[in-house]
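Residue numbers count from 1 along this sequence. No hydrogens, no waters, no symmetry mates; every other heavy atom, side chains included, goes into these values.
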Amino acid sequence: MKYHDVIIRWSKIATLLFIAMVLVGDIFGIPITQYICYVWAEVFDPAKFAALAVVYYLGTAGTYVILFSLLKLLFNMGKDVVFERTNTKLMNIIAYTFVAVAVDCIVGGFIWSGSFILAILALFLALVVQSVRVVFDKAITMKEELDLTI
């Protein structure tokens, strides 16, 4: 078994575990949001709690998009489909979803300031994913040019 096959397998397992954690977070979303709102943010306004709950669930919806796109990307890599346009499209989906989650967290930041940190983290991850996507695009272009010369 090749080294990269082991890494891809463990990455798939980790991604599935993250999906399970987000699912548990969705099941217990209201108590989690209450805790964040009342204990961390020290906000006791029902309207702000409801807004934070909406922000929370929109964020987890974006997380599902990111994780399932990542899982699809890992399955492609497991099949040795690496430098293909489908993977760069998946990376675009992941990056744009990170930006959407960042915007969601910025909205939540007006209720709980900790959300601003999550927004910065999401924007950083979007930048990393877009940088890797650009490298993949360059590699795909080089591969296509080599295929034309043969």
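- Taking every heavy atom of both residues into account, Phe83 and Lys143 meet most closely at O-NZ, 3.5 Å.
- In this structure, Asp104 contributes its side chain and Leu58 its backbone to no donor-acceptor pair below 3.5 Å.
- Glu84 and Lys89 are not joined by a salt bridge, as no carboxylate oxygen comes within less than 4.0 angstrom of a charged side-chain nitrogen.
- Separation of atoms CE (Met77) and CG (Leu74) is listed at 7.0 Å; rounding is to 0.5 Å.
- For the pair Tyr64 (side chain) and Ile19 (backbone), a donor-acceptor distance under 3.5 Å is absent.
- Rounding to the nearest 0.5 angstrom, the gap separating the CG atom in Leu73 from the CD1 atom in Ile93 is 10.5 Å.
- Considering all non-hydrogen atoms of both residues, Phe136 and Thr88 come closest at CB-CG2, 3.8 Å.
- The two residues Thr60 and Tyr57 come nearest to each other via the heavy atoms OG1-O, 2.9 Å.
- Linking Ile, Leu, Val, Met, Phe, Trp and Tyr residues whenever their side-chain heavy atoms come within less than 4.5 Å leaves Ile8 and Leu16 in two separate clusters.
- Annotation: side-chain contact (heavy atoms from CB on, under 4.5 Å) contacts of Asn76 (sequence neighbours excluded): Lys72, Lys79, Val81, Thr86, Asn87, Leu90.
- In terms of modelled atom types and a separation under 3.5 Å, the side chain of Ser11 and the main chain of Ile7 share a donor-acceptor contact.
- Minimum interatomic distance between Ser115 and Cys105 (heavy atoms only, all atoms of both residues): CB-O, 3.1 Å.
- Ile32 is linked by a side-chain contact (heavy atoms from CB on, under 4.5 Å) to Phe28, Ile36, Tyr56, counting only residues two or more places apart in sequence or in another chain.
- Taking 4.0 Å as the cut-off between side-chain N and carboxylate O, Arg133 and Asp137 count as a salt-bridged pair.
- Of all non-hydrogen atoms in Val101 and Gly62, the two that sit nearest each other are CG2-CA, 4.0 Å.
- Linking ILVMFWY residues whenever their side-chain heavy atoms come closer than 4.5 Å, directly or via other members, places Tyr38 and Ile111 in the same cluster.
- Between Ile94 and Ser69, the shortest heavy-atom distance links the atoms CG1-CB, 3.6 Å.
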